[in-house]
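Reading through the structure tokens given below for one structure.
Atoms within a ligand are numbered from 1 in the order they appear, just like the ligands themselves.
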Amino acid sequence: MTYTLTEVRGPVGIVVLNNPARRNALSKPLVDELMAALADFARRKLRVAILRAPPGATVFSAGHDVEELPESHRDPLGWDDPLRYLVRQIENFPAPVIAMLEGGVWGGACEAVFACDLIIAAPDVTFAVTPAKLGVPYNLSGMVTFLNAAPLRIVHEMAFTAKPVSARRAERLGMINTVVSKDELESFTMAMASDIAANAPLSIAVMKEQLRILAAARPMSPQGYERVQGLRRVVYDSQDYIEGIRAFKGKRKPEFRGE
Ligand code: YXS
């Protein structure tokens, strides 16, 4: 394992995102390791999985690895994108997944965290939904994840401004379970994991799956889906999309022209 560390403490599996040089960007290699760790935890029938960054991290994850985004003319967040695999793996993991957070959570990492069943955050944590900063047309299932995490008006604010929301505000809005001090973060999270692990795993697994199915249930006609895909294609075929990616790589502010 190059980009993650894993640890098993009794019935609890812990996987640490550990690529500080790239601020834990969700590159395919890092996501592959995350998914392998979760698959191993499932094989061992562990009762809780915890995702975290190393203690003291100032960035939990910088989101999708921008270097892996297509330059243009291809859906940047299609079914086979690593971030999509990770979100589905978290949602389908047969036990609760807890995001134990320190530092900034950016872009697609917000979705991966909001796909977790429980979120425990240190006070310094922020959440920034960033497609608009890059010109990316986020995908439908990602929008459902956000709608299940926050009230519509807050999703609008986060998506349209791309500005970070603090852990305290997220807690007030019910977007996360609780904020605890950095000193208590691990002990609090492990205590919650122990409480969960002491309960009936089959009952919890079926309730998790029921809630996933119900939360994802959204009326959408094939025509509606096709319309959305057409609109998204206009965006990822646009000059603005190319500009957003190039500006990020060039470490400069993008100039979006709406074309
Ligand atoms: O210059 P070097 O080679 O050292 O690399 C720098 C950054 O380029 C790199 N890095 C990333 N590489 C690929 N993808 C990323 N998302 C990414 N983020 C960072 O890591 C090295 C250190 O970054 P640096 O110097 O900026 O670190 P810092 O501590 O000053 O600032 C940390 C951040 C997270 C505040 C800063 O790196 C940042 O703002 N990163 C981008 C956050 C972001 O906008 N993420 C969205 C990615 S796109 C995505 O998730 C979806 C497609 S969407 O946008 O639709 O949600």
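- Residues R232 and N139 come closest through the heavy atom pair NE-CA, 3.7 Å.
- Checked against a 3.5 angstrom limit, the closest N/O atoms of H64 and ligand 1 fall inside it.
- In V66, the parts holding a heavy atom less than 4.0 Å from any atom of ligand 1 are both the side chain and the backbone.
- Of the polar atoms of A62, at least one N or O is found under 3.5 Å from an N or O of ligand 1, judged by distance alone.
- Within the 4.0 Å heavy-atom cutoff, A21 counts among the residues contacting ligand 1.
- A salt bridge links R212 with E209: the distance from a Lys NZ or Arg NE/NH1/NH2 to an Asp or Glu carboxylate oxygen falls below 4.0 Å.
- Any N or O atom pair closer than 3.5 Å counts here, and G108 shares at least one such pair with ligand 1.
- At a 4.0 Å heavy-atom cut-off, ligand 1 touches L134 through the side chain alone.
- Using a 4.0 Å cut-off between heavy atoms, K133 contacts ligand 1 through its side chain alone, with no backbone atom that close.
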(request) Take R84 and D80 through the test side chain to side chain contact (heavy atoms under 4.5 Å, CB included) and record every step on the way to the result. (result) CA-CA 7 Å; R84 310 303 335 136; D80 287 322; over 6 Å; no

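- Ranking protein heavy atoms by distance to atom 10 (N) of ligand 1, first place goes to R22 O, 4.2 Å.
- Screening N19, V105, V16, V59 against N24 for a side-chain contact (heavy atoms from CB on, under 4.5 Å) leaves a single residue, N19.
- The heavy-atom pair separating V235 from G135 by the smallest distance is CG1-O, 3.5 Å.
- The shell of residues lying under 4.0 angstrom from ligand 1, judged by heavy atoms, includes K251.
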